[in-house]
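These notes concern the structure reproduced below.
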Amino acid sequence: MAKPVNCLVLPLLAALVVVLLPSSSKAQPPPPPKSPLEVLLRWKQSLANQSILSSWVNHAHDIKNSSTPSSTSSPCNNWLGITCNKAGNVTGIDLPHKGLQGTLELLDFTYFPDLLHLDLKLNRLTGTIPPNIGVPSKLEFLDLSTNSFTGSLPLSLANLTKVIELDLSRNSITGELDPRLFPNGSSPGTTGLVNLQRLLLQDTMLGGQLPSQLGNLKHLTILALDNNNFSGQIPTSLGNLINISYLRLNQNQFFGQIPRNFGNLSKLTNLNLFANQLSGSVPKEIGNLSSLETLHFTQNKFTGHLPQQVCRGHKLVNFTAAHNFFTGPIPVSLKNCTTLFRVRLEYNQLTGDLDHDFGVYPNLNYIDLSHNQLQGKLSSEWAQCQNVTLLKIAGNMIGGEIPDTIVELDQLVVLDLSSNKLSGKIPAQVGKLSKLSSLSLKDNKIMGQIPSGIGGLTDLTYLDLSINRLTGSIPDRIGDCIRLLFLSLSTNGLNGSIPLEIGYLLGLQTLLDLSYNSLSGQITPQLGKLTKLETLNLSHNIFSGSIPNALGEMISLSTVDFSFNDLVGPLPNGKAFKLSAPQAFANNKNLCGEVQGLRPCNTSFPKSGRQKTRHSHQIIIIVTSVLGSLFLMLLVLGITTLYRQGNRRNLKEDESPLKPENIFSVWNFDGKILYEDIITATEDFNDAFCIGVGGTARVYKAELPSGQLVAVKRLSSAKESMEVEDVGSFANEIATLAEIRHRNIVKLYGFCCHERHTFLVCELVERGSLESVLSSEKEAKELDWSKRMKVVEGVAHALSYLHHNCVPPIIHRDISSKNVLLTAELEAKVSDFGIARFLKPASSNWTTVAGTYGYIAPELSYTMAMTEKCDVYSFGVLALEVLMGSHPGTLISNLTSLVDQGIQLKDVLDPRLSPPTTQKIADELTSIVNLALWCLRADPKSRPTMHVASELLEMHAGDD
């Protein structure tokens with residue numbers, strides 16, 4: 001092999017030859033252009049896609065020989081996108097949405113002194129905005145939006161004193177807004193964008209504080225700065241923009257209060273402040289804005305009352321204030337605000353009377369008042385809101401009955417009235433809501449029977465009627481709801497048998513819960529047709545007979561509960577039955593099977609025809625079960641205690657009275673059987689079965705006797721000298737984690753803790769880790785842009801679920817590409833969540849900072865306090881890694897300098913894939929980059945929550 005230094009010989013020699021050659025032999029730069037025609041033709045030649053400019057005609061030798069072009073060759077002679085004045089001077093360059101690829105480097109703006117209109121939006125232009133772009137001082141319209149420009153804003157823009165519209169949105173522009181771009185208040189009219197009417201800079205990477213000079217743009221009607229990195233307080237000078245109609249400051253990091261003088265913006269129609277860190281009370285002066293049509297306060301930290309006259313002008317269309325801390329009454333002006341189209345006030349502490357404070361809204365499409373403190377009842381007059389598609393009032397104190405007139409809302413798609421105090425019956429004609437996709441009436445006091453008309457809801461995917469006072473039988477027509485994915489009728493007073501027609505619900509996937517009712521008879525084998533179902537709960541009923549064998553063929557079933565019934569006979573052979581906790585079959589008549597707590601099926605009990613004897617046997621079984629459970633609990637507790645005492649006494653190994661061996665999870669597996677099965681299946685963790693190696697664990701593929709394939713993560717062994725710090729707490733934590741069910745989270749089945757091995761047993765995900773897929777040339781190409789965006793979105797949804805839907809919240813602690821697994825369809829599943837904190841070091845190479853190097857939040861180096869924002873930082877790293885195809889180490893280390901230099905989208909895209917084929921995909925990728933950079937902010941408080949990140953990704957993915 002050649003020495004590395006030899007690789008430098010030829011380049012160095014070549015460099016020396018160039019240096020030593022006479023100056024006359026050096027390559028000469030091209031001569032400067034002589035006319036606007038030559039400038040335009042040279043720019044055309046620099047573009048990758050020139051066919052669109054075929055009308056830009058001139059013979060090549062004209063340029064090459066520097067000869068004067070023929071008189072017939074002129075940009076004013078029907079060149080696409082070029083307009084001229086009578087003098088033959090170029091006044092317009094308009095080439096929007098033409099697929100142009102290249103830079104503006106050769107488009108010398110000094111040759112276009114009469115230029116009035118420059119429109120290059122919706123192309124694929126890259127590089128920086130030329131510093132001389134401000135030379136054409138007559139320019140009135142400048143639109144470079146939706147490209148991939150980088151760098152900061154050229155200061156020469158301040159020379160455009162006549163420009164009316166400046167749109168640089170949806171680029172990767174960085175830096176701050178230089179105050180010199182805007183007129184100085186003390187000497188107006190001297191320089192700056194003095195005549196600017198529309199300034200659009202949304203969806204870039206601009207940051208820092210807003211200069212107060214923005215308030216000197218007296219003619220400004222539109223200011224769009226949304227989805228950037230701006231911070232600090234909103235300047236009070238913006239209250240001087242007396243002609244402003246659109247003010248969009250949403251999705252930044254502004255804090256503090258809304259300036260009171262915003263109440264002076266009498267022409268304001270659109271005020272967007274959502275997704276910031278704003279606090280305090282909203283100035284009541286906002287109620288003076290009689291022209292308001294859109295007002296968005298959602299996702300801030302506002303307190304106090306909402307402005308009561310928010311609809312003073314009776315023009316308000318969109319009003320959102322969700323996810324804040326607002327208290328007090330609903331604004332009184334909303335009652336007669338008939339223009340309302342969309343209202344979101346959920347997750348506040350608002351009070352008021354539902355039927356008194358709200359009116360009739362003929363244009364209303366979407367209203368969410370959930371999780372407040374509203375009282376009153378549902379008004380029958382709401383039936384006049386004929387266009388509403390979503391109605392959510394969950395988590396309030398609404399009483400009374402559901403009015404029969406609600407079925408007249410025939411455009412309803414989502415109806416959620418859960419967790420209130422509703423009584424009465426479900427309207428008999430509920431089936432008329434034919435477009436309904438989601439119906440939740442759970443946790444109320446609704447009585448009577450489930451109407452058979454519910455079968456008319458053929459588009460229904462989600463139905464939850466649990467925790468009510470429903471009686472009677474389950475209607476046969478429930479089987480007509482063939483699109484159902486989720487069905488819960490638990491905790492009611494339903495009786496009768498399970499209708500055969502439930503077997504028609506072939507799409508049921510997430511849950512079928514009929515528990516805590518008085519259902520009887522035999523369990524219908526038709527349930528076995530529900531092959532997509534994951535969770536089945538029939539507990540706390542009066543079912544008799546045996547569990548049909550057909551249920552063992554439900555290939556997706558992972559969780560079952562048949563406890564507290566009168567069931568007898570053997571369990572089916574399916575994996576869900578073999579891997580379920582003993583509690584899932586407790587308190588039945590005479591079940592048998594290979595589950596701890598049940599008798600083996602080959603063991604017979606003496607029969608007796610006397611009721612008294614049967615009752616005695618039941619009592620003996622119950623007492624034995626209770627004593628057995630107590631014994632197991634005491635055994636585990638005693639072993640753990642003795643083990644700790646032994647450690648404290650520092651006994652020699654052969655003197656230790658008891659070791660923590662054979663401590664198994666008893667809530668999801670038979671510990672001994674599982675341990676032996678795993679040892680057998682992996683041949684005592686033979687390397688032949690190893691499918692992954694990490695810093696603290698090895699992962700093995702194991703096939704259980706049932707045929708189920710599982711992944712076994714061995715956390716400790718004698719060789720690795722890693723041990724669980726607190727067995728009891730660890731067991732409780734794993735039990736909690738095993739209850740988690742989310743499509744983007746790996747299912748955890750259980751664990752075993754043995755003196756030789758401690759391992760977790762979880763779902764086997766086919767394609768392995770994201771890291772391995774990205775490192776493979778072939779597999780990385782299969783993971784195209786759409787799939788990569790789905791991976792990022794899936795991880796965000798998973799973390800949002802762990803942080804915001806679990807009580808208490810679960811911090812992952814080690815988000816990395818190794819801990820994101822991909823299914824056969826390349827869907828992301830997060831693994832190894834919430835476990836790291838239970839491991840303690842036993843080797844010198846252990847780091848006390850949880851996480852994987854390269855993904856660890858910077859604050860952990862000095863605080864050692866793990867928070868949700870540490871996961872957010874790691875997610876930012878991962879999001880960039882997915883787009884780049886490799887870890888973005890250098891990019892992250894240079895974030896500070898890149899604020900000035902800019903980040904081009906093409907520089908963060910995996911070169912193994914072709915560039916995005918549509919502008920929509922390019923925009924979505926840009927949004928992911930912007931979100932990732934937001935997540936990577938050094939200050940944890942300035943990072944978004946995963947809830948915000950998840951919603952932003954979902955919003956951009958579904959944006960039309």
Side-chain angles (χ1 to χ4, degrees), residues 148 150 170-174 203-207 227-231 251-253 275 744 770-771 774 783 785-800 803 812 815-817 819-820 828 830 851-852 854-859 868-899 901-910 913 916 921-957:
S148 298
T150 57
R170 291 174 292 281
N171 281 289
S172 298
I173 301 169
T174 56
D203 294 292
T204 70
M205 299 165 62
L206 289 166
N227 199 18
N228 281 291
N229 299 320
F230 293 116
S231 58
Q251 293 164 281
N252 282 286
Q253 290 294 308
N744 296 114
L770 173 64
E771 180 190 49
L774 290 176
L783 198 64
W785 295 127
S786 295
K787 292 186 177 69
R788 294 194 188 201
M789 290 187 291
K790 284 290 185 184
V791 167
V792 174
E793 189 176 348
V795 175
H797 291 336
L799 289 176
S800 178
H803 289 184
H812 187 288
I815 283 291
S816 68
S817 56
N819 287 332
V820 175
V830 173
T852 299
Y855 301 84
I856 301 171
E859 64 268 19
E868 289 95 333
K869 291 301 180 73
C870 298
D871 279 355
V872 174
Y873 182 92
S874 302
F875 168 77
V877 179
L878 180 75
L880 289 178
E881 182 176 0
V882 173
L883 267 55
M884 297 176 70
S886 59
H887 188 278
T890 305
L891 181 67
I892 294 174
S893 63
N894 293 335
L895 276 182
T896 303
S897 60
L898 287 172
V899 169
Q901 300 174 12
I903 301 177
Q904 298 186 40
L905 181 61
K906 67 181 182 65
D907 291 338
V908 294
L909 296 185
D910 192 336
L913 297 185
I921 293 178
D923 289 345
E924 291 179 15
L925 291 172
T926 300
S927 298
I928 291 176
V929 174
N930 290 338
L931 175 61
L933 295 176
W934 187 6
C935 295
L936 291 172
R937 289 180 173 176
D939 182 5
K941 295 180 181 178
S942 66
R943 298 171 200 155
T945 65
M946 285 312 305
H947 175 75
V948 169
S950 177
E951 284 201 342
L952 288 177
L953 287 171
E954 192 167 8
M955 179 179 67
H956 283 294

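Note that the structure is predicted; figures quoted are calculated from it, not measured.
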How many angstroms lie between atom [atom1] of [X] and atom [atom2] of [Y], to the nearest 0.5 angstrom?
X      : Y      : atom1 : atom2 : value
Gln251 : Ser927 : CD    : OG    : 9.0 Å
Asn819 : Ser874 : CG    : OG    : 10.0 Å
Asp203 : Ile173 : CG    : CD1   : 11.5 Å
Glu793 : Glu924 : CD    : CD    : 8.5 Å
Ile928 : Cys935 : CD1   : SG    : 11.0 Å
His797 : Ser950 : NE2   : OG    : 4.5 Å

Quiz item: Is there a donor-acceptor pair closer than 3.5 Å between any side-chain N or O of Asn228 and the backbone N or O of Thr204?
Solution: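 Yes, the answer is positive, given that a donor and an acceptor are paired below the 3.5 Å cut-off.
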
Practice problem: Output yes when a side-chain donor or acceptor of Asn744 lies under 3.5 Å from a complementary backbone atom of Ala798, and no otherwise. | Solution: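 Checking the backbone N and O of Ala798 against the side chain of Asn744, no donor-acceptor pair under 3.5 Å is found.
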
Quiz item: What pairs with Asn229 under side-chain hydrogen bond (donor to acceptor under 3.5 Å, both in side chains), at least two apart in sequence or on another chain?
Solution: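 Arg937.
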
Quiz item: Mind checking what makes side-chain hydrogen bond (donor to acceptor under 3.5 Å, both in side chains) contact with Asn171, not counting sequence neighbours?
Solution: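 Asn171: no side-chain hydrogen bond (donor to acceptor under 3.5 Å, both in side chains) contacts found.
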
Closest contact, heavy atoms only, [X] versus [Y]:
X      : Y      : result
Asn252 : Trp934 : O-CZ2, 4.2 Å
Gly854 : His887 : O-NE2, 2.9 Å
Leu880 : Ala932 : CG-CB, 3.7 Å
Arg943 : Ala938 : NH2-O, 3.3 Å
Gly885 : Asp910 : CA-OD2, 3.3 Å
Tyr873 : Pro858 : CE1-CD, 3.5 Å

By side-chain contact (heavy atoms from CB on, under 4.5 Å) - contacts of [X] (at least two apart):
X      : result
Ala828 : Val791, Val795, Val820, Leu822
Asn930 : Met205, Thr926
Ile921 : Trp785, Ser786, Met789, Pro916, Thr917, Thr918, Leu925
His947 : Gln299, His323, Ser800, His804, Thr945, Glu951

Practice problem: Have a look at Val877 and tell me which of Ser816, Ser817, Pro888 forms a side-chain contact (heavy atoms from CB on, under 4.5 Å) with it. | Solution: Pro888

Any side-chain heavy-atom pair of [X] and [Y] under 4.5 Å:
X      : Y      : result
Thr150 : Thr174 : no
Val872 : Lys869 : yes
Leu909 : Leu913 : no

Quiz item: Any salt bridge between Glu881 and Arg788, counting N to O under 4.0 Å?
Solution: no

Quiz item: Does the pair Leu931 and Leu953 meet the rule for a side chain to side chain contact (heavy atoms under 4.5 Å, CB included), with working shown?
Solution: CA-CA 8 Å; Leu931 175 61; Leu953 287 171; 3.6 Å; yes

Practice problem: Give the intermediate values and the outcome of side chain to side chain contact (heavy atoms under 4.5 Å, CB included) for residues Phe230 and Gln253. | Solution: CA-CA 6 Å; Phe230 293 116; Gln253 290 294 308; over 6 Å; no

